[in-house]
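See below for the structure under consideration.
All of these numbers come straight from a predicted model, not from anything done at the bench. In the text below, chain A, chain B and the rest are named by the order of the sequence lines, each starting its count at 1.
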Amino acid sequence: MTVDKVIEIPVSLEVPIGPQHPALHEPVMLKVYAEGEEVVKVEVNTGYNHRGIERLTEKNSFYRNIFIVSRVCGICNIVHSDVYVRAVEQVMDIEPSRRAKYLRVLAMELERIHSHMIINAIMAEILGYDTLFMYIMRDREKVMKAKEILTGNRVLGDYLMVGGVRRDLNEVDRERLKNILVKLEPEVWKYIKVFEEDETLWKRLRGVGVIKPRDVTLHGLVGPTARGSGVNIDARREGYDAYGEVPFNIIVRSDMDSWGRMMVRWHETIESISMCKYILENLPSNGPAVPDETRLPRKFPVGEAFARVEAPRGELTYYVMSDGRQNPYRVKIRTPSFNNIINSGFSYIGHTIADVPVILTSYDPCISCMERAIITDLRRGERMYLRFKDLSTRLK
Amino acid sequence: MGKPSLIKEVLKWFIGRPVTIQYPYEGTSIEDRFRGRHFADLNKCTGCSLCAIECPADAINMEKLPEKASVPKNPRRIYPVVSYSKCVYCYRCVTICPFDAYVTTNDYKLAGPARLYSRDYSLQSIRGGGQ
Amino acid sequence: MSRAKVISYSPWVAHFNTGACNGCDIEVLATLTPLYDPERFGVKLSPSIRHADILIVTGAVTKKAAERLKRLYEQMPRPKYVIAVGACAIDGGVFSKSYSVVAGADRVVPVDVYVPGCPPRPEAILDGILQLVQKLRSGGVSGGSK
Amino acid sequence: MEALSELLKEYALTTYSVKPNRLVIEIPKERVKNALKVIKEKHGDTGIYVSTIVGTDFPDKKQVRLDYYLVTHPDDKVYVLRTWLSREDPRVDSILDLFPGALSGECETHDLLGVVFEGNPFIKREFFAPTDVASKGVFPLRKDSGV
């Protein structure tokens with residue numbers, strides 16, 4: 001008997017991670033196919049969070065939608081309402097006062113600080129470094145207090161209204177905010193030092209989930225994920241609101257791995273703290289920041305607008321179209337996580353199963369932002385793998 | 001690359017007083033302007049229903065006032081009842097009200113085994129309503 | 001907490017996000033961290049739903065997540081309790097009229113404590129957990145019997 | 001801005017702008033892929049990405065409008081390529097092989113609006129819509145979907 005054919009059977013393991021999983025507090029399901037320890041394919045299954053928001057916005061009036069779109073994502077709610085409000089303002093030709101613009105930037109930058117801190121804390125937890133997680137979360141409470149002072153709620157600010165913001169900042173609160181930020185800055189530097197020097201973090205994050213700059217633009221990845229790979233994308237450069245007047249640096253690193261993405265977030269946190277300090281010291285006092293909500297126009301002109309904003313996770317875009325009625329004709333939301341998570345399936349391949357949550361967390365997944373989708377990863381087709389099921393059908 | 005640099009911090013807190021707030025034995029500091037429970041003051045409410053129309057969560061229902069309640073200006077004799085379990089505390093009703101009829105508090109202690117409504121708080125604001 | 005006991009019950013919590021905006025989730029996370037520290041009452045986050053006594057549900061229950069929620073509830077050991085955190089988990093909040101939302105955790109599983117707010121403060125979530133702890137310690141009705 | 005409209009001169013039907021200053025170039029649907037190819041050749045792999053794909057339903061015109069929002073960098077300019085498809089049979093060539101990043105946008109537009117992207121093997125129903133909506137063959141973002 002001569003052997004004329006050898007069939008190699010790959011031992012393919014199917015590991016579902018999520019939607020309820022100790023390492024993932026998000027309703028997403030990663031179906032990981034592994035050969036031994038090596039990941040060969042990842043399917044991102046979501047849709048557990050699809051709430052039909054775009055359809056819902058067509059059924060509600062322009063003003064009610066401000067509160068609905070801030071609930072697309074709780075972590076970056078002010079950014080969502082800012083970009084929607086700016087799109088509506090462009091349709092309606094309303095210009096907020098300079099003070100209101102500064103306050104909007106202040107609220108958005110506070111949000112960036114707390115968002116970057118929480119994802120770094122979660123990263124520490126996923127790596128098994130619970131002490132660091134607890135310390136970062138303790139210091140994050142300072143930012144939550146600052147948000148409470150400014151907006152009136154810890155998480156969901158509901159701070160913006162067409163034509164301005166919904167509450168002004170008085171002198172006492174301004175000093176309190178300044179104190180909080182002054183206290184926060186040394187703590188953040190301490191964590192940067194930990195991330196730069198600690199061996200545990202270094203070993204788990206360096207060289208994991210490498211994305212080349214070319215892949216970033218081809219797959220449309222945005223935000224810190226792109227900036228960690230040396231791609232200089234930042235929607236704030238457009239100078240919307242007061243970003244044209246507040247000085248800031250765009251952090252770009254060329255590490256290309258998970259560690260680089262986390263470091264981009266830490267240095268952006270420092271950058272945001274100094275922006276907030278600048279705003280608090282140079283808050284203009286011309287013009288009222290708070291519009292009278294009972295007197296806002298009730299007529300909406302026909303028109304369309306497309307606004308972009310740099311959310312903590314990357315470029316967030318809204319398209320708003322009005323046909324002259326009370327409700328918008330179409331609102332299209334494209335969130336950063338929608339691109340970052342769905343299009344990044346390629347980056348898991350070749351790593352071990354234990355690295356999958358690390359890589360996912362390094363993209364700062366915000367599943368509620370994604371809002372939708374069951375997507376199969378785009379296979380690059382370098383190697384062909386067969387699952388047992390496919391193999392049996394093929395042998396018939 | 002060096003030693004785990006968090007050790008100093010850990011040791012500092014190991015001997016220091018814990019950062020934990022002893023809630024519920026000790027209160028936490030809540031901002032006065034925190035957006036908590038709110039209800040309509042029936043002395044000012046005219047029953048115009050604007051808050052119910054503008055509420056993004058549809059948490060406000062207009063209900064008939066009880067017979068005994070005496071209200072100064074409310075021809076239709078209806079008043080808004082906020083469902084605290086559905087309310088998202090955006091305070092759109094507070095800012096849109098043309099008569100400033102909403103009373104705001106920073107009360108957040110609403111957890112309980114049943115759904116809560118603002119009915120009793122509103123009726124207590126007028127004579128003959130609360131009984 | 002009225003009577004001191006030598007051995008007391010330590011309920012562990014599991015957290016399931018059924019389509020929340022993450023606002024409630026980060027507040028649940030904040031509740032479990034040093035400033036509020038529910039481990040003082042024996043409450044901690046359990047790694048698996050099979051070890052948990054309290055299920056914290058956040059988010060407007062989407063149709064897809066509703067099946068998973070029911071399955072998770074069935075996997076819990078008794079006594080089991082459910083806390084609905086946030087306006088969305090109680091009544092659907094702003095999403096109650098959407099086509100893909102069940103609007104309300106109590107339409108899928110029995111809920112023992114409601115914590116209103118959008119999102120509720122960590123103190124309020126702690127209040128909700130403590131009500132259940134108290135119920136357990138005073139020998140209250142076992143959850144999940146409905 | 002002029003550079004791009006010059007580049008697409010032979011493709012463009014009309015050009016105008018969406019607020020604030022987003023240049024819109026209307027293109028017949030057969031030539032969308034070619035136009036994007038020309039743009040990509042100009043900017044290279046790292047010079048441009050598809051930011052979002054917006055599909056809008058117009059029942060009274062019996063048409064579906066498709067907008068491709070492109071962002072160039074590092075100068076951060078936004079361009080819009082706009083095309084119109086028939087409502088009964090909305091078909092357009094997929095741009096997946098040019099821009100893999102269009103995957104999420106194409107899949108979403110297919111599931112919620114029913115546009116078929118020819119050449120994209122990943123599009124299917126129930127991507128986002130719940131099973132009961134998808135099984136009825138209803139596209140939630142169509143104005144007459146009734147959901």
Side-chain angles (χ1 to χ4, degrees), chain B residues 6 9-10 12-14 16-39 52-61 81-94 104-118 121, chain C residues 1 21 23-24 27 30-41 56 60 81-98 103-106 110-135 140-141 143:
Chain B
L6 213 59
E9 177 87 3
V10 173
K12 189 179 124 201
W13 286 98
F14 199 64
R17 196 174 161 270
V19 72
T20 309
I21 306 162
Q22 294 297 322
Y23 189 85
Y25 309 115
E26 217 178 88
T28 51
S29 68
I30 312 286
E31 291 304 302
D32 288 339
R33 294 164 82 204
F34 175 76
R35 294 197 306 266
R37 175 170 61 77
H38 58 293
F39 55 90
I53 295 166
E54 279 291 330
C55 178
D58 295 313
I60 302 179
N61 272 322
V81 173
V82 185
S83 162
Y84 290 135
S85 34
K86 208 173 183 189
C87 175
V88 294
Y89 304 91
C90 64
Y91 276 18
R92 175 71 173 158
C93 47
V94 179
T104 60
T105 68
N106 63 356
D107 181 12
Y108 60 87
K109 292 183 178 172
L110 299 163
R115 288 180 169 78
L116 294 174
Y117 296 92
S118 73
Y121 298 107
Chain C
M1 274 156 284
C21 71
C24 296
E27 289 298 71
T31 316
L32 297 167
T33 50
L35 218 55
Y36 303 99
D37 194 20
E39 286 189 36
R40 292 176 288 142
F41 307 103
I56 296 184
Y81 295 102
V82 178
I83 305 183
V85 169
C88 297
I90 302 173
D91 268 332
V94 293
F95 306 112
S96 54
K97 292 206 174 133
S98 176
D106 53 2
V111 175
D112 296 281
V113 171
Y114 300 93
V115 186
C118 189
R121 292 181 68 90
E123 291 96 326
I125 300 174
L126 203 53
D127 272 343
I129 295 174
L130 285 182
Q131 286 185 13
L132 283 184
V133 172
Q134 232 150 5
K135 202 171 163 184
V141 191

Counting heavy-atom pairs under 4.5 angstrom with chain B, the leader among C:G117, C:P38, C:A103 is C:G117
Taking C:E123 for its side chain and B:T28 for its backbone only, find out whether a donor-acceptor pair lies under 3.5 Å. no
Sort C:L126 into side chain, backbone, both or neither according to what part of it lies under 4.5 angstrom from a heavy atom of chain B. side chain
Residues C:A124 and B:A111: closest non-hydrogen pair is O-CB, 3.8 Å
Separation between CG of C:L130 and OH of B:Y23, rounded to the nearest 0.5 Å: 8.0 Å
Which pair of non-hydrogen atoms, one from B:I21 and one from C:R40, has the smallest distance, and what is that distance? O-NH2, 3.5 Å
Mind checking salt bridge (Lys or Arg N to Asp or Glu O under 4.0 Å) for B:R115 and listing every partner two or more places apart, or none if nothing turns up? C:D91, C:D106
Residue pair C:A87 / B:C87: nearest heavy atoms and the distance that separates them: CB-O, 3.5 Å
What are the two closest non-hydrogen atoms of C:S96 and B:A57, and how far apart are they? OG-O, 4.4 Å
Chain B contacts, top residue of C:I83, C:I90, C:V115 (heavy-atom pairs, under 4.5 Å): C:I90
Mind ranking C:D37, C:D127, C:I125 by heavy-atom pairs under 4.5 Å with chain B and telling me who comes out on top? C:D127
Quick check: closest heavy atoms across C:Q131 and B:P113, and the distance to 0.1 Å? OE1-CD, 4.0 Å
Under the side-chain contact (heavy atoms from CB on, under 4.5 Å) test, residues paired with B:P18 that sit two or more places apart: B:T20
